[in-house]
Amino acid sequence: MPEHQTPLIATIAAGLMLAFVLGLIAQRLRVQPLVGYLLAGVMVGPYTPGFTADPALATELAEIGVILLMFGVGLHFSLKDLLSVGRIAIPGAIGQIAVATLMGAGLSWALGWPPLAGFVFGLALSVASTVVLIRALQDRHILETHRGRIAVGWLVVEDLVMVLALVLLPALAVAVATEGKGIPSSQLLLSLLATLAKVSMFVAIMLIVGRRVIPWLMHYTAHTGSRELFRLAVYAVALGVAYGAHYFFDVSFALGAFFAGMVLGESDLSQRAAEEAIPLRDAFAVLFFVSVGMLLNPMVFVEAPLAVIATIAIIIVGKSAAAYLIVRAFGYNRSTAFTVSASLAQIGEFSFILIGIGIGLDMVPKESRDLVLAGAIVSIMVNPFVFTLLERLGADREVPPKYKPDAEPETDLTPTTLTGHDIVVGYGRVGSLVGAGLRQEGAKMVVVEASDAGVDRARSDGADVFTGNAAEPAIIAALNLAGARRLYVTIPEAFEAGQIVQQARAANPTLDILARAHSSATVEHLEKLGANLIVLGETEIAHRMLEHGRGDTRTAARSGLNDGLQDAPIAP
Ligand code: AMP
C-alpha cells in the first residue's frame, strides 16, 4: 500500500479503465458505449462490492466534462442564434418544466409525500442533462441545424431556471419552516431579484467586456505561435470563465462556459479552439456517465419497482409529450418536434444537485434520490432508442399543410431526378471548393450536408441539397447513386466516410468514388470498401510543395485552376 492516499488519481484511473473496458464490450455487443460507462460507474460505486471510488470527486470531474462540452457548443452558437430560438425555447422550456413538475408532484402525492416534496421532486424530473443532450445531437449531426439549436436554446433556458431554483429552494425552505410569521415572502422575492441581477450582470459583462477581451486574448496567443499556449488559453478561458461565473455570479458552470464559448465563437479562431477542447472534453464526458452510475443504488429497482416505473414514464413519456405539443403549437413540423422531445426525454446532473439540496433542507424524503437516480440511468440508457423511434415517426408521416414550418424547411427526402450528376458529401472547406470547380464546369450537382451554414453555401452555389447525415440509408437512397457520374466524399470523419462509400459501392458497382483521408489507415480502409481515389491531405501538401520547388510545368496549369477558385466561398 502506498503511504499517502490519492483518491483523485484512483477515481480517474478506475473510472477511465473500467469505462474503457465496458465501453469496448458494449460496442462489441452493438449497444451504445455509454451503457458500458454507466455500468462501470455502478461497479466502482459504493453500493457494489470491491473497489469504491470517491463519488464526490467523480461528480466534480464530471463537471469539467460539462464545462468543456458547453464551451464547445457555445463556440458554434452566436448571440443571433440564441435570440432567434428564444421565441420557442423560452415558453417551451418553462411550459415543459411546469408540466413535468406537476406530474412529479402527482407521483409524490401518490407516494404520500408532503406537497413541498412534490414540488422539488417534480422540478428534479423536469430538467435534462447537458451531456446527454449535446452528445445525442452531435452523434446525429443535428447540433448545427435549426432544430438542434432549438434544443440547445431550450437547454440554456432550463439551465437558467435551475440557477434560480437552486437559490430559491433554501429561501423556500425557510419560508415554509417559519410559515405565518410574515417576513419570508419578501425575502424570497429579494433573493430571486438578487439572483436575476447577478445573472444579468454576468451576461452583460460577457457580452460587453468578454466579447472584446477573450477573442483578443486568443488571437494574441495564436500569434505567439505556440500550440501549447493556445491550448492552454482554451482551457484557461473555458474553465476560468465557468468557475468565475459560478463563484462571483452564482451562475452554473455550464452556463458560464456556454457564454465563454459564444463570445469566442464570433472570432475566426473558434474552429481551432473547438478542436483543442475535444480530447479532454470527451474523456471527462465519459467520467460524467461513470459518476452517474456510481450514485445508483440498484436495490431501488427491487424495493420500489412501481415508483421507479412511474418516474421513468414521467421523464420519457410525459416530458416528451409535453415538449412535442408545445413545439407543434408553435407551428414547427413533426421532425423538429420529435427531435426536441427526444433530446429532452432524460435527466441528469441538475436533477441530482436539486434533489441533493432538497434532501439537505429536509424538503423531500431520502427515497426520492434513488428514484431520481434510477430515472436518470434508465432514461439515459434508452435515450438513443427514444431518439431513433421518434425520428422515424417524424420522418414517416406526411406534414399537414397547416403546419408548414416557419423557420425550417422540411427535410425533403424526395429522390433527386437528376442523372449523370456529381454528388458532393460535405460542403465545408473541401466540399465547397469541389463544388465551385464543378459549377465552373457546369456539372449537375447534388450536395449532402449536415450543418445549416454548409447547406446555405451549397444552395447559393446552385446545388440540389439534402440536409442531414450522409451516412443515413434514407438519404443515400435519395441520391440516385445508380444514375450518378461521380461521388466526392469530402467529410473528414473516417468512420462515416466508410459507411457512405460502402453503401454507394453497393448501389452502383461502376460509380467513380473519390474520398478524403487524414491517415494511411483510412486510405486502406476506404480502398477496401470500394473508393477509387483516396486523397490524403498531407501527401497532397507535400506534392504541391515539391512541384513548386521544382518549378514543375504542371504547377502553372494547377495554379491556374487555383486562381479560378480564388473567389470560391471557403468555409470559416
Ligand atoms: P471541412 O472539414 O471544412 O471540409 O467540413 C466538412 C463538412 O462536412 C462540414 O460542413 C460538416 O458539416 C459536413 N459533414 C461532416 N460529416 C457529415 C455527414 N456525416 N453528413 C453530412 N455532412 C457532414
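Residues take their numbers from the sequence shown, with the count starting at 1. All of these numbers come straight from a predicted model, not from anything done at the bench. When a ligand or atom number is given, it counts from 1 through the structure's own listing order. All values below were derived from every heavy atom in this structure, side-chain atoms included, with hydrogens, water molecules and symmetry-related copies excluded.
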Quiz prompt | Location of contacts on Arg516 toward ligand 1, heavy atoms closer than 4.0 Å | solution = side chain
Quiz item: In ligand 1, which numbered atoms sit nearer than 4.0 Å to a non-hydrogen atom of Ala450?
Solution: 21 (C), 22 (N)
Quiz item: Do Arg457 and ligand 1 have an N or O pair less than 3.5 Å apart?
Solution: no
Quiz item: Does the gap between the ring centers of Tyr324 and Phe338 come in under 6.0 Å?
Solution: yes
Practice problem: Measure from NZ or CZ of Arg140 to the centre of the six-membered ring of Phe387 and say whether it is under 6.0 Å with the direction within 45° of the ring axis. | Solution: yes
Quiz item: Checking Glu158 side chain against Ala128 main chain: does a donor-acceptor pair fall under 3.5 Å?
Solution: yes
Practice problem: Considering the heavy atoms of Pro492, write down every atom of ligand 1 situated less than 4.0 Å from one of them. | Solution: 2 (O), 6 (C)
Quiz item: Taking N or O atoms only and a 3.5 Å limit, does Gly426 qualify as a polar contact for ligand 1?
Solution: no
Exercise. Using ring-ring contact (aromatic ring centres under 6.0 Å, His included) as the criterion, list what pairs up with Tyr220, not counting sequence neighbours.
Key: Trp216
Quiz item: Are side-chain heavy atoms of Phe289 and Val131 found at a separation under 4.5 Å?
Solution: yes
Quiz item: For ligand 1, which atoms have a heavy atom of Glu496 less than 4.0 angstrom away?
Solution: 19 (N)
Practice problem: For Glu449 and Tyr427, indicate whether the former's side chain and the latter's backbone hold a donor-acceptor pair under 3.5 Å. | Solution: yes
Quiz item: Which atoms of ligand 1 sit under 4.0 Å from any heavy atom of Gly428?
Solution: 1 (P), 3 (O), 4 (O), 5 (O), 7 (C), 10 (O)
Quiz item: Looking only at heavy atoms of Gly468, does any of them come nearer than 4.0 Å to an atom of ligand 1?
Solution: yes
Quiz prompt | Residue Ala470 vicinity, atoms of ligand 1 by number, heavy atom under 4.0 Å | solution = 18 (C), 19 (N), 20 (N), 21 (C)
Practice problem: Would you please test Phe288 and Arg135 for side chain to side chain contact (heavy atoms under 4.5 Å, CB included) and show each step? | Solution: CA-CA 12 Å; Phe288 163 79; Arg135 282 177 48 121; over 6 Å; no
Quiz prompt | Side chain, backbone, both or neither: the part of His141 lying under 4.0 Å from ligand 1 by heavy atom | solution = side chain
Practice problem: Run the numbers for me: atoms of ligand 1, each under 4.0 Å from some heavy atom of Asn469, listed by number. | Solution: 18 (C), 19 (N), 20 (N)
Quiz item: Counting from 1, what ligand 1 atoms have a heavy atom of Arg429 closer than 4.0 Å?
Solution: 1 (P), 2 (O), 3 (O), 4 (O), 5 (O)
Self-check item: Which of the ligand 1 atoms, numbered from 1, are nearer than 4.0 Å to a heavy atom of Glu493
Solution: 15 (C), 16 (N)
Quiz item: Looking only at atom types and distance, does a side-chain atom of Thr336 sit under 3.5 Å from a main-chain N or O of Tyr332, one as donor and one as acceptor?
Solution: no
Quiz item: Restricting to pairs with a member in residues 471-489, which pass side chain to side chain donor-acceptor pair (under 3.5 Å), not counting sequence neighbours?
Solution: Asp422-Arg485, Arg486-Asp512
